[in-house]
Amino acid sequence: MTIYFYAKTDNRLGLDRLRRTAALAKELQKTHEVYLMTTEFRSATYAKRELGIKKAVGLEDFRNIGTICERGDIIVYDSDEHNERIHREMIDYFGHFFRISYDPKDLPKEGEILISPYVVGANVINGILVDMDFFEQGSKEISRLFFYGDDDYNKGLLDIAPKLSSFDFELLEGFYFFVNMEEKLRPYFRAIHSYEEYGEAIKRANLCLSASGQSALEVAAGGAKVIYMQREDKDEEYVPLLERVGVLNMGYFEPNRLHEAIVSAKVPNQDYLSANSVEKVAKNVQKLIERAP
């Protein structure tokens, strides 16, 4: 039995959806064949090389999902590319349609199972999708790490970086950063880590300032202090969850706010993350699949 996954990724969105979807796919591929689809080929390659996914492919259009999957198949879907009509068609097409959403206001449609960190009730699997590897306790050799996110299409980091120079941060590059960004950013950071070092850098951070909600959760899972910074070009879907976990939310970037946040930041609630882990979500997905006639 194959479980298909689809995650929206691109150079304006980043990899938050991919990272949380891959965390669940990685758990389920222990017992099932898993096939991950993304919006473009580069992120699919990244999923195989860096996120532990055995089979992944990029699609030019999410509507091409039907060329890979057959009617009655199982899919876990993490995207907002659909409209109401296409949403209904996908629910009817698949034997099991699981949809990941971190929108606190989102509720399950008839015929689907919603995977959400916020919602509880019928046709819902409540949980937080963080790769279990990040729960491993290791040495925190990076005193201060900054991660702006995997995308920076508008080069907003170039405006912030000079204001960060006095904070002595090391920078973790984003997957979609432009090729000439490292040279421009180097004067403002103690060191720069390539996106290929993502997993290790996240685990080694003692304190992390992150503008990615998913990355903030991953740092929190490892028992480090986390400060979340809201980007103007991003929604705030992760914010209630981060605050529930105990991640300090400094809002939009200002040097004075960051000074205060560094003093106030504490280690988040790892027990809450563990109690709602991706392992739990995977087990519930598997139960629903096996319960089918």
Side-chain angles (χ1 to χ4, degrees), residues 13-24 51 78 100-104 116-118 127-138 140 142-152 156-157 160 164 167 169-176 193 195 197-254 257-258 260-278:
L13 176 69
L15 296 181
D16 277 8
R17 289 180 185 268
L18 176 62
R19 295 191 191 283
R20 68 195 188 195
T21 301
L24 180 56
L51 302 182
D78 191 347
I100 298 170
S101 174
Y102 277 39
D103 181 349
S116 168
Y118 299 113
I128 304 169
L129 304 181
V130 173
D131 191 314
M132 294 305 297
D133 286 350
F134 290 106
F135 286 87
E136 298 174 1
Q137 297 293 320
K140 305 299 184 183
I142 300 176
S143 177
R144 294 181 179 181
L145 182 70
F146 176 52
F147 183 61
Y148 188 69
D150 282 296
D151 63 300
D152 188 12
L157 182 51
I160 295 174
L164 283 168
F167 289 92
F169 277 101
E170 297 182 28
L171 174 69
L172 175 58
E173 286 187 313
F175 178 68
Y176 290 109
H193 301 272
Y195 71 85
E197 302 174 63
Y198 177 89
E200 287 305 310
I202 291 291
K203 292 176 187 177
R204 291 167 54 212
N206 182 60
L207 179 147
C208 182
L209 170 64
S210 177
S212 157
Q214 183 65 24
S215 298
L217 290 174
E218 292 167 354
V219 176
K225 297 178 181 180
V226 196
I227 302 166
Y228 176 69
M229 183 187 86
Q230 182 64 48
R231 283 172 52 169
E232 294 183 0
D233 59 341
K234 300 293 181 182
D235 61 46
E236 299 182 16
E237 290 182 349
Y238 273 90
V239 169
L241 174 59
L242 293 170
E243 293 180 345
R244 200 177 289 180
V245 172
V247 172
L248 194 155
N249 175 21
M250 66 168 277
Y252 297 113
F253 175 79
E254 286 184 5
R257 286 183 184 175
L258 181 55
E260 295 172 3
I262 289 173
V263 172
S264 304
K266 298 178 181 179
V267 175
N269 188 346
Q270 291 173 282
D271 291 339
Y272 184 83
L273 285 169
S274 298
N276 297 279
S277 73
V278 68

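All values below come from the heavy atoms of this structure, side chains included, with hydrogens, waters and symmetry mates left out. On a predicted model such as this, the values are computed, not experimentally measured, just so you know.
- A distance of 7.0 Å separates OG in S212 from CZ in R19, rounded to the nearest 0.5 Å.
- For the atom pair CD1 (I202) and OG (S210), the distance works out to 6.5 Å, reported to the nearest 0.5 Å.
- Using modelled atom types and a 3.5 Å distance limit, the side chains of Q214 and Y238 yield a donor-acceptor pair.
- Panel note: side chain R257, backbone Y252; a donor-acceptor pair is recorded below 3.5 Å.
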Verdict with supporting geometry, Q230 and Y228, side chain to side chain donor-acceptor pair (under 3.5 Å): CA-CA 7 Å; Q230 182 64 48; Y228 176 69; 3.1 Å; yes
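- Distance CD1/I142 to CD/E170: 5.0 Å, rounded to 0.5 Å.
- Checking each of L51, D78, D16 against T21 for a side chain to side chain contact (heavy atoms under 4.5 Å, CB included) leaves exactly one that passes, namely D78.
- A cation-pi arrangement is present between R231 and Y148 under the rule of less than 6.0 angstrom and at most 45 degrees off the ring axis.
- A cation-pi contact, defined as under 6.0 Å to the ring centre and within 45° of the axis, links R20 to Y102.
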Go through L241 and Y118 one step at a time and tell me if the side-chain contact (heavy atoms from CB on, under 4.5 Å) criterion holds. CA-CA 8 Å; L241 174 59; Y118 299 113; 3.2 Å; yes
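- Checking side-chain atoms of D152 against main-chain N and O of L157 turns up a donor-acceptor pair under 3.5 Å.
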Walk me through it: do D151 and K234 pass the test salt bridge (charged side-chain N to carboxylate O under 4.0 Å, His left out)? CA-CA 11 Å; D151 63 300; K234 300 293 181 182; 2.9 Å; yes
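- Y198 has its ring centre less than 6.0 Å from the ring centre of F147.
- A donor-acceptor contact closer than 3.5 angstrom is absent between the side chains of E173 and H193.
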Passes side-chain contact (heavy atoms from CB on, under 4.5 Å), F175 versus L18? Steps please. CA-CA 12 Å; F175 178 68; L18 176 62; over 6 Å; no
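- Considering only heavy atoms from C-beta on, K203 comes within 4.5 Å of E136 through its side chain.
- Atom NZ of K225 has 12 or fewer neighbouring heavy atoms from other residues, nucleotides or ligands inside a 6.0 Å radius.
- A distance-only check finds no donor-acceptor pair linking the side chain of D131 to the backbone of F134 [under 3.5 Å].
- Side-chain contact between L273 and L217 is present, with at least one heavy-atom pair separated by less than 4.5 Å.
- No side-chain heavy atom of V226 sits less than 4.5 Å from a side-chain heavy atom of L248.
- Of the residues listed (I227, L209, L258, L172), the one engaging F146 in a side chain to side chain contact (heavy atoms under 4.5 Å, CB included) is L209, and it is the only one.
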Before giving the answer on side-chain contact (heavy atoms from CB on, under 4.5 Å), spell out for I128 and V278 the whole-Å C-alpha distance, their side-chain angles and the decisive distance to 0.1 Å. CA-CA 6 Å; I128 304 169; V278 68; over 6 Å; no
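- Counting only heavy atoms from C-beta outward, the side chains of L164 and I160 approach each other to under 4.5 Å.
- Using a 4.5 Å cut-off on side-chain heavy atoms (C-beta onward), S116 and S101 make no contact.
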